[in-house]
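Predicted, not measured: the structure shown is a model, and the values here were computed from it. Sequence lines set the chain letters: A, B, ... in the order given, protein chains first and strands last, and positions in each chain run from 1.
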There are 2 protein chains.
Amino acid sequence: MAEKSEKPEKPEKKKDKPQTRAEREADRRRVILRAAVEVFSKKGYLGCRIQDVAKEAGVAYGLVYHYFKNKDELLESVFASGWQNFLGRVQSEIGRDQDLASRVRGVVHVAFEAYRRDPKGVKVLILEVGRSPAGGAVNRGSAFSAVIVAAAQMFAAAQQRNEIPSHLDPTLAATMLFGCIEMGLTSFVMGLLDKRDDQAIERARDQVAETFLNGITQARAGTGASIPNVRTIRSADTSAGGIETARQRPRPSN
Amino acid sequence: MAEKSEKPEKPEKKKDKPQTRAEREADRRRVILRAAVEVFSKKGYLGCRIQDVAKEAGVAYGLVYHYFKNKDELLESVFASGWQNFLGRVQSEIGRDQDLASRVRGVVHVAFEAYRRDPKGVKVLILEVGRSPAGGAVNRGSAFSAVIVAAAQMFAAAQQRNEIPSHLDPTLAATMLFGCIEMGLTSFVMGLLDKRDDQAIERARDQVAETFLNGITQARAGTGASIPNVRTIRSADTSAGGIETARQRPRPSN
DNA sequence: GCCCGCATTGACTCCGGAATCAATTTTCCG
DNA sequence: CGGAAAATTGATTCCGGAGTCAATGCGGGC
């Protein structure tokens, strides 16, 4: 549907505007989408105004509404164009016909590469799409789960093949993998590591992949040697801890 | 400062209201703070209305402003009471006079325990305080960094004592640790794992701790065997990937 | 060159939510 | 008790931002 009418009368005469109407339209759409990513990454979905997006895109306020029904659909589109893409890549890595290690490295690589190409986009995905309650209607979260689930299956299969110990929970393993990746990236976003240092990004990528692989591969397997003395100290405080904002009686008065 | 005036005329006559004025006042404050946590966790900081907080707390709209200067200070207080507390616990674990493994387990334990006690509170800290651009003014992020930095120092010191390989980046190691913890918890928040299953929480906790420790401890150390063949496949696609929303020319038309 | 129609504009409406405040109730002291 | 001060209420004000729309510009088909 919506095939661009093959005009023989438009033989690319100028490189500036060789585009058919439909092309320019699509371009506009992309520009606005891109601007949205930019702005969302700065202020968050709820924190930003359509005016910001319009300004960033260099178009009039109203035009945003010409291309997108409303703010929510805009976010939805950012999501679709960005995350779907990312998700596809990750899943293709996961699905590769290779040993676990290679595939894990592949996943890590894809994530870091995406970050290198488009930090802002990744930031939005991580912050808004991945978890934020923003909007709320859509499937966001579920799509995020999708990657986890896919990775979990990969680990489960690896267990069948004895590539990793069977006592591990595949879902949790998947979770940890993406936790490492995500926080690794976040530490760049937040300036804990220098994002302009390509070397650093590569080193981070490799350390994440290798450390995680070590952890999971050589896990003190079913030998049972793992869970035993996990809690050595602790215990005394079990009563006190937590985030707990409201306590019943702050302290027993004394 | 602000010591409760020791009234001899208030000998705890009723268990319902044995409180001095200052006590009741503090209670109210806590109730509102708690309500804020509750509501923030549902809708996010920007997504919720003061009215929601008031209703949740069972008080009048205006009262919220009696106890807190504005919405932002409210978030700030949630932050202070929750995160500071958590931060303190984590740092005390980090500072313990023990081997690295025990301390890492301690940190993981504290985090998971906090979550078990108050999932909502943790969620807010993770989602809003930790990273969200919400508000923006405050130091949020920096406080988040604080834990990372503290943990990084722990790892650096452990390297001195040869407890872990020297080629690891301590900051990144810290980052990965909290990444694993955070995502582990998130998977409960998101329903990937059953949060009502205490067993599951404990198992998750231990798996996170042990896997991470394995990964970091036995890392194919400075043998140099690690970074080499990291990138085996990949490479061909380096040009394609990313989140990239707006591409210059979608494809060479053809 | 002349229209037709879609792209584009930005002023305007409308609403919801933050913050204020005068009025009312409660507390607690002498 | 009496009354002053603090707690508590919710209607009211005010503002900023989402979404609308009539007016204008522009491309491209004839």
Give the ring-plane orientation class for A:F188 versus A:Y115, where under 30° counts as parallel, over 60° as perpendicular and anything between as tilted.
tilted

The correct set of residues in residues 58-71 of chain A placing a heavy atom under 4.0 Å from DNA chain D is A:Y61, A:Y65, A:N70, A:K71

B:D27 atom CG is separated from C:dT26 atom P, nearest whole Å, by 19 Å

Taking CG from B:D52 and C1' from C:dA18, how many angstroms apart are they, rounded to a whole number?
13 Å

Measure from CZ on B:R28 to P on C:dT27 and round the result to the nearest Å.
10 Å

Grab the OH-C1' distance between A:Y45 and D:dG17 for me, whole Å please.
12 Å

Test of understanding: with salt bridge (charged side-chain N to carboxylate O under 4.0 Å, His left out), list the residues that count as partners of B:R116, not counting sequence neighbours.
B:E113, B:D198, B:E202

Roughly, in whole Å, what's the span from CD1 in A:I50 to C1' in C:dC15?
16 Å

Could you give the CD-to-P distance, from B:Q51 to D:dG10, as a whole number of Å?
10 Å

Round to the nearest Å and state the distance from B:L75 atom CG to C:dA18 atom P.
13 Å

Would you please test A:R34 and A:D27 for salt bridge (Lys or Arg N to Asp or Glu O under 4.0 Å) and show each step?
CA-CA 10 Å; A:R34 184 66 220 169; A:D27 264 5; over 6 Å; no

Could you tell me which residues satisfy salt bridge (charged side-chain N to carboxylate O under 4.0 Å, His left out) with A:E56, sequence neighbours excluded, listed by chain and number?
A:K42

For the backbone of B:Y67 and the side chain of B:R29, can you confirm whether one donor and one acceptor N or O come within less than 3.5 Å of each other?
yes

Measure from the side-chain N and O atoms of A:K71 to the backbone N and O of A:R49, and report whether any donor-acceptor pair falls under 3.5 Å.
no

Can you measure B:K55 atom NZ to D:dT9 atom P for me and round it to whole angstrom units?
14 Å

